[in-house]
Protein chains: 2
Amino acid sequence: MEDKSQYGRMLKKENLRNTSHRQSILEALEASKEPVSAETLYLTLREKGISISMSTVYRALDVLAEKNIIVKTDFTDNNKSLFEIKREEHRHHLVCVKCRSVIPVMECPFHEYARALERQFGFSITGHKLEMYGYCRKCSESMDKSGNAP
Amino acid sequence: MEDKSQYGRMLKKENLRNTSHRQSILEALEASKEPVSAETLYLTLREKGISISMSTVYRALDVLAEKNIIVKTDFTDNNKSLFEIKREEHRHHLVCVKCRSVIPVMECPFHEYARALERQFGFSITGHKLEMYGYCRKCSESMDKSGNAP
DNA sequence: GTGCAAATGCGAATCAGTCGCATTAAGGAG
DNA sequence: CTCCTTAATGCGACTGATTCGCATTTGCAC
Ligand SMILES: [Zn+2]
Ligand SMILES: [Zn+2]
Ligand SMILES: [Zn+2]
Ligand SMILES: [Zn+2]
């Protein structure tokens, strides 16, 4: 999103007050290339000189996720939740199980599959999450060299 | 898996000792129709009269997941990990965000997609997880009646 | 401006999961 | 079968992410 009033409108539409902290959080998420944890976000904001508390960060993230303005993701492993702006494009992720790097992927081949399942189970699908695990190029190469099979 | 010696072999193959607790855990997971949390599993075992501690449950689940004998899954929301036996068939899940019921789904349409991504990113995919969120038949119906849109 | 509910800060509390260490028991060698 | 090594277990303390209660502040409708 481009300008701040954009966020104001999104918040108002969801009956959320347009507070400076929510603005800052949305801007920071917008600026981030990849999903961030609550703590990372908190530290980023502090570095920018914004005085905010962890509880506020958590509460804002929760309500924004609930209202579908941001997306909450849990990659296994470090049991920390990650958050990212909901961009118009829906994304999936390739997660390297070795170095933990995350590659976002744009394409989603999912729509027909979803419709078929809805018919089959009478289930109304509102969203989905696809995460793929494996080894990134760098890690597979380093393992090839060291002889450790993935 | 059918008989217990099967588990013994699987464990041995991974250099894990074939302990009675691991047997019990694998049997309980085998018997369960859906993924269970460590705590649920613990309670199930206690009810069966098996004396075991939570640490053992957690440790066993960890090592079994690491060795790829069971699968660890994190659905968001209650931030508890769930575990299930790795059946020969790979599954996805439909998770009802209202009543939390889980419907396992057999079909996986992702193989070609996965191959394409591997080529595109030089990423070696070893597994993936797809979770779909929405409302089960019962919950959509009850909401239709009450006038609450999903 | 005024008033009120929503949002925030702070610290305490919760709670899934982990760890250290002493004890038990698999399972291989003889 | 017995002994020995070492993995596995139990127990309780601990951790670290997230949540909660409550007093205070702030957005915003009128
Ligand atoms: Zn990597
Ligand atoms: Zn998708
Ligand atoms: Zn339901
Ligand atoms: Zn699949």
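All heavy atoms count here, side chains included; hydrogens, waters and symmetry mates do not. Since the structure is predicted, the reported quantities are computational estimates derived from the model, not experimental observations.
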* Asked: What about A:Ser55: does its side chain form a donor-acceptor pair under 3.5 Å with the base of C:dC10?
  -> yes

* Heavy-atom check, side chain of A:Ile70 versus side chain of A:Leu26, under 4.5 Å -> yes

* **Rounded distance in Å - CZ (B:Phe83) to P (C:dA16)** => 13 Å

* Toward the 5' end of DNA chain C, which comes first, B:Arg59 or B:Thr19, by nearest nucleotide? -> B:Arg59

* To do: Send over the distance from A:Ile50 CD1 to C:dT8 P, rounded to a whole Å.
  => 13 Å

* Do B:Ser51 and D:dG10 share a donor-acceptor pair, side chain to base, under 3.5 Å? -> no

* Structure fact -> Here the distance between atom P of C:dA7 and atom CG of A:Leu11, to the nearest Å, is 10 Å

* Asked: Do NZ/NE/NH1/NH2 and the carboxylate oxygens of A:Arg115 and A:Glu118 come within less than 4.0 Å?
  -> yes

* Asked: What integer distance in Å separates B:Leu43:CG from C:dA16:P?
  -> 11 Å

* **Protein-nucleotide distance (B:Asn18, atom CG; C:dG28, atom P), rounded to Å** => 11 Å

* Is there side-chain contact between B:Ile103 and A:Leu117, with at least one heavy-atom pair below 4.5 Å? -> no

* Would one find more than 12 heavy atoms of other residues, nucleotides or ligands at under 6.0 Å from atom NZ of B:Lys12? -> no

* Check: B:Ser81 side chain, C:dG17 base, donor-acceptor under 3.5 Å -> no

* Between the side chains of B:His128 and B:Tyr113, does any donor sit under 3.5 Å from an acceptor? -> no

* **Any B:Arg17 side-chain N or O less than 4.0 Å from OP1/OP2 of C:dA25** => no

* Is any side-chain N or O of A:His21 closer than 4.0 Å to OP1 or OP2 of D:dT26? -> no

* Under 4.0 angstrom between B:Thr56 side-chain N/O and D:dT9 OP1 or OP2 -> no

* A:Lys12 NZ - C:dA5 P separation (whole Å) -> 20 Å

* Spacing between A:Met54 atom CE and D:dT19 atom P, to the nearest angstrom -> 10 Å

* Is any side-chain N or O of B:Tyr58 closer than 4.0 Å to OP1 or OP2 of C:dG17? -> yes

* Rounded to the Å, how far apart are B:Leu61 CG and C:dA16 P? -> 15 Å

